[in-house]
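Heads up: the structure comes next, in structure tokens.
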There are 2 protein chains.
Amino acid sequence: MSCSVVLKEKGLRLTPQRRLILDIIHEADAHLTAEEIINSVQSKMPGVNKSTIYRTLELLEELNCVFKSEVDDKFIYHHAEEGHHHHIICRKCGKSIDCAEHIFHSVETSLNKEYGFHADFKHVVTTGLCSDCLNKV
Amino acid sequence: MSCSVVLKEKGLRLTPQRRLILDIIHEADAHLTAEEIINSVQSKMPGVNKSTIYRTLELLEELNCVFKSEVDDKFIYHHAEEGHHHHIICRKCGKSIDCAEHIFHSVETSLNKEYGFHADFKHVVTTGLCSDCLNKV
DNA sequence: ATTATAATTGCAACCAGGTGCAATAACAAT
DNA sequence: ATTGTTATTGCACCTGGTTGCAATTATAAT
């Protein structure tokens with residue numbers, strides 16, 4: 001379901017600022033940092049306050065329209081599509097790879113069996129070195 | 001090897017501020033947040049600047065004397081003892097459980113086989129719900 | 001088309017954490 | 001004990017992100 005419809009359904013308003021932020025996130029093929037989003041918004045619509053942007057991103061996250069995660073002390077956002085929930089990000093080249101969900105299943109079950117612990121593994125972002133950067137030493 | 005010896009070996013100085021911070025981290029049986037450390041330091045030695053404390057913690061981390069990790073957008077620190085590198089933290093009661101290292105081995109090998117990716121799994125902190133809080137609903 | 005209402009914005013101030021720099025102090029050498 | 005070197009501190013300011021609040025504006029009702 002389209003993000004703008006989700007907004008309307010909740011009695012929330014589709015302001016020009018929100019429309020712009022939604023467009024930017026939809027058009028991006030990879031994840032965007034908060035800074036990139038702020039720059040992009042303000043280049044097309046100067047004067048939009050950063051708090052508006054942060055609040056919109058927070059709202060969209062709550063509505064499950066975007067995913068927010070943290071890499072390297074920075075927040076990153078991307079449009080929420082069903083299917084691939086985990087990411088591995090190379091700390092050298094910054095490349096982001098969608099990671100099959102099943103890879104974390106074994107950890108989830110182990111933590112459950114050994115500690116009775118139910119881990120929050122809805123959207124894991126893991127950093128490391130990708131194959132290219134490993135070989136390129 | 002004692003933290004103060006590690007300092008001296010590198011030509012670094014054991015100032016009263018550093019001695020105090022080391023004491024606090026050594027005496028703590030669980031992890032401490034940055035805020036807790038700052039409060040504790042300043043109650044015993046008013047006037048110590050927060051930047052001194054953050055810099056000391058950063059230094060101790062580089063020397064592998066303390067582990068720094070992030071939970072809930074806050075930094076936590078604890079004394080580095082060999083053996084248990086992973087933690088699971090309950091997002092409800094805050095309890096921290098040391099987690100056997102082997103649990104993450106399967107993910108590491110899967111990521112390597114399937115994507116040629118070498119994950120940074122030196123000290124993983126995972127949040128979720130512990131068995132007590134799961135049952136206590 | 002006007003109006004009422006509540007969601008949203010921009011602003012200014014705030015927070016945790018980090019940084020450049022001049023003043024201070026730990027330690028080694030004398 | 002004094003001195004010189006240089007690591008360390010405190011300060012003031014910066015950063016990304018958050019929040020309270022008064023002014024604005026999208027939307028529904030008339």
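Lettering of chains follows the sequences in order, A, B, ..., and the numbering in each one begins at 1.
Nearest to the side-chain atoms of B:Arg13 among the listed nucleotides C:dT19, D:dA26, C:dA25 stands C:dA25. Of the candidates C:dG17, D:dT18, C:dG10, the closest approach to any side-chain atom of B:Phe75 belongs to C:dG17. Nearest to the side-chain atoms of B:Ala34 among the listed nucleotides C:dG17, D:dT8, C:dA12 stands C:dG17. Comparing atom distances between the A:Thr56 side chain and each of D:dG10, C:dT9, C:dA26 picks out C:dT9 as nearest. Each of D:dT8, D:dG20, D:dA26 was ranked by its minimum atom distance to the side chain of A:Thr15; first place goes to D:dA26.
In this structure, the ring of A:His26 has its center no less than 6.0 angstrom from the ring center of A:His78. Close placement of the B:Phe104 and B:His86 rings is indicated, their centers lying within 6.0 Å of each other.
At a threshold of 4.0 angstrom between heavy atoms, the contacts of A:Lys8 are confined to the sugar-phosphate backbone, with no base atom among them. Using a 4.0 Å heavy-atom criterion, one finds that B:Lys10 contacts no nucleic acid atom at all. Residue A:Glu58 is out of contact with every strand shown, counting any heavy-atom pair closer than 4.0 Å.
Distance, B:Leu20 CG to D:dT9 P: 11 Å, rounded to whole Å. Rounded to whole Å, atom P of D:dG16 lies 16 Å from atom CG of B:Asp73. Atoms CD1 (A:Ile37) and C1' (D:dG16) sit 14 Å apart, rounded to a whole Å. Atom P of nucleotide C:dG17 and atom CG of B:Leu32 are separated by 13 Å, given to the nearest angstrom. Taking atom CG of A:Asn39 as the reference point, atom C1' of D:dG16 lies 13 Å away to the nearest angstrom. B:Asn49 has its CG atom 13 Å from the P atom of D:dC13, to the nearest Å. If you measure from atom CD of B:Glu9 to atom P of D:dA7, you get 17 Å, rounded to the nearest angstrom. In this structure, B:Gln17 places its CD atom 14 Å from C1' of C:dA23, rounding to the nearest Å.
If B:Tyr77 and A:Val48 are placed on DNA chain C by their nearest nucleotide, the residue sitting closer to the 5' end is A:Val48. Projected onto DNA chain D by closest heavy-atom contact, B:Leu7 and A:Lys50 fall at different nucleotides, the more 5' of which corresponds to B:Leu7. Place B:Leu14 and A:Leu12 on DNA chain C by their nearest nucleotides, and A:Leu12 ends up nearer the 5' end.
Here B:Thr52 reaches the OP1 or OP2 of D:dG10: one of its side-chain N or O atoms lies under 4.0 Å away. Close to C:dG18, at under 4.0 Å from its OP1 or OP2, lies no side-chain N or O of B:Tyr54.
Between the side chain of A:Arg55 and the base of D:dG17, no donor-acceptor pair of N or O atoms lies under 3.5 Å.
Counting only N and O atoms by type, the side chains of B:His87 and B:Asp98 include a donor and acceptor under 3.5 Å apart.
A:Asp132 and A:Lys95 are joined by a salt bridge, as a carboxylate oxygen and a charged side-chain nitrogen come within less than 4.0 angstrom of each other.
Within the cation-pi definition used here (under 6.0 Å to the ring centroid, within 45° of the axis), B:Lys68 does not qualify as a partner of B:Tyr77.
Of all the heavy atoms in B:Tyr54 and B:Ala34, the pair that sits closest is CE2-CB, 4.0 Å.
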